[in-house]
Amino acid sequence: MISKRPPILLATDNNSQKNKLLEKLLKLNAAAVCVSVSEVIVNPDQYLVQQPTILIIDLGKERPITKSMDALTLTRLENLKVILLADPKALYALDQGEGASWEMPFTIISSEPSIRELALALNYCSAIIATQLAMQEQKRERWVQKALAGLYQQTEEPDAMLAGIMGITATALNLQCAVIKLKDEANIESIISHSGSKTDRLAILWKRLPHDQLSTNLMHRFIQLTEIGTSAHPLTKRSKNIFAPTTGLVTSISRNVTQPFVFCALGDPDRIYLDYEKRIFEQSAVLASMAVRITARKKVPPTEGWPRESTVHQREL
């Protein structure tokens, strides 16, 4: 659950209005990124990344408010709250027409709001987003716990269990998950199990990790989360650079230094990892460690067990 106000995106075509709003937001200790109204409505994917956002749209005096307006499509985006700045006459016309303003899926305030009015709208939207996020996090975390518990109870083969853990984690986090065996921090010896991507794609993503952020003793640390790419990301993005460094969650799931098995969940450069996602990752890592350990035991050469079996047989005779 977020503990501070989400990022703010300000859409306006009026330069004077933009400066006034930025000044008021600054007094509220709220920074904003500015774009034009047409840009954010026509190409919302360029400006609205997958994180909670408050979008303030300055409609001005020439933009009427209707139920079919383009801004309505933006309100369907997850974890996005829209604040409209509208002329009082437009608000009155809306109240008299179809669908009263209180039924609209966005918050409407005056076109030149006071600092208090703007603060109330921002606080209201922040509270709604925080509540929505908390419910989503709890629902997803409970689903993962039930899915992992069911997998553990119903699956006997460790390879199948490992594949199931990868699938559940990749689905819950929308990331590319894998258990890998490393030669060293920068090179993969083999991919034991994976989900969400092809093996060659995973190898490329691992190569693009900023390895200076990986601890030098990563392979010696058992179930200790390492988050890669924690720097702040900009709210806006013009295009995705496919060669940008990968972000990810990484942990060692093997105590054996000679067999460094690592569990990782890799994502895009603009990915931000929330606390509940880290908890899901750690729960999956524990079960993945158990599955890997059982698999390693089953792959012990039969000759290692022969002397012991012979001894038991002699005792029985």
Side-chain angles (χ1 to χ4, degrees), residues 2-95 99 101-102 104-130 132-133 231-241 269-270 272:
I2 59 175
S3 58
K4 58 182 180 180
R5 184 176 291 137
I8 299 172
L9 182 63
L10 174 61
T12 180
D13 298 324
N14 188 321
N15 192 53
S16 175
Q17 174 77 325
K18 179 186 73 174
N19 293 333
K20 291 178 182 178
L21 290 170
L22 287 177
E23 184 179 352
K24 293 175 182 177
L25 290 171
L26 184 62
K27 292 180 179 179
L28 294 172
N29 195 26
V33 175
C34 299
V35 296
S36 70
V37 176
S38 57
E39 278 189 272
V40 75
I41 290 179
V42 174
N43 298 309
D45 292 339
Q46 292 186 358
Y47 302 97
L48 301 171
V49 297
Q50 295 298 319
Q51 62 174 317
T53 306
I54 296 177
L55 172 62
I56 302 176
I57 302 180
D58 175 30
L59 296 177
K61 297 182 179 180
E62 298 179 358
R63 291 180 180 271
I65 303 177
T66 64
K67 287 188 67 176
S68 61
M69 65 176 298
D70 294 331
L72 278 172
T73 60
L74 297 175
T75 63
R76 300 188 183 97
L77 297 179
E78 192 176 20
N79 300 330
L80 173 70
K81 296 302 293 181
V82 179
I83 299 176
L84 297 183
L85 307 184
D87 184 79
K89 293 181 179 179
L91 295 178
Y92 177 78
L94 180 65
D95 287 335
S101 59
W102 56 268
M104 303 300 278
F106 35 64
T107 303
I108 304 177
I109 59 178
S110 58
S111 57
E112 295 185 3
S114 64
I115 293 181
R116 182 177 182 275
E117 186 179 10
L118 186 58
L120 289 173
L122 291 175
N123 291 341
Y124 171 75
C125 291
S126 298
I128 295 296
I129 289 177
Q132 291 175 340
L133 285 178
S231 58
H233 302 289
L235 180 66
T236 62
K237 56 177 183 178
R238 293 290 180 177
S239 61
K240 183 179 294 186
N241 182 0
D270 58 358
I272 297 175

As an exercise, state the distance from [atom1] of [X] to [atom2] of [Y], rounded to the nearest 0.5 Å.
X     : Y      : atom1 : atom2 : answer
Leu21 : Ile115 : CG    : CD1   : 11.0 Å
Asp13 : Ser36  : CG    : OG    : 5.5 Å
Leu9  : Leu80  : CG    : CG    : 8.5 Å
Ile54 : Leu10  : CD1   : CG    : 12.0 Å

All N/O donor-acceptor pairs, side-chain side in residues 25-33, below 3.5 Å, sequence neighbours left out:
none

| field | Closest contact, heavy atoms only, Pro52 versus Pro6 | value |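 Closest heavy-atom pair between Pro52 and Pro6: O-CB, 3.6 Å.
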
| Nearest non-hydrogen partners of Thr53 and Ile129, listed with the distance | O-CD1, 3.6 Å

| query | Pick one: which of Ile56, Ile83, Leu85 meets side-chain contact (heavy atoms from CB on, under 4.5 Å) with Pro113? | reply | Leu85

| field | Non-neighbouring partners of Lys24 that pass side-chain hydrogen bond (donor to acceptor under 3.5 Å, both in side chains), sequence neighbours left out | value | none

| note | Residue set satisfying side-chain hydrogen bond (donor to acceptor under 3.5 Å, both in side chains) with Asn19, at least two apart, ordered chain then number -> none

| request: Taking side-chain contact (heavy atoms from CB on, under 4.5 Å) as the test, write out the residues that go with Asn14, two or more places apart. | output: Thr12, Ser16, Gln17, Asp58

| Side chain proximity check, Tyr124 to Ile128, heavy atoms < 4.5 angstrom | yes

| request: Any pair with a residue in residues 112-122 that passes side chain to side chain donor-acceptor pair (under 3.5 Å), sequence neighbours left out, goes on the list, sorted by first then second residue, please. | output: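 Output for this query lists Ser110-Glu117.
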
| request: Give the intermediate values and the outcome of side-chain contact (heavy atoms from CB on, under 4.5 Å) for residues Asn123 and Arg5. | output: CA-CA 8 Å; Asn123 291 341; Arg5 184 176 291 137; 3.0 Å; yes

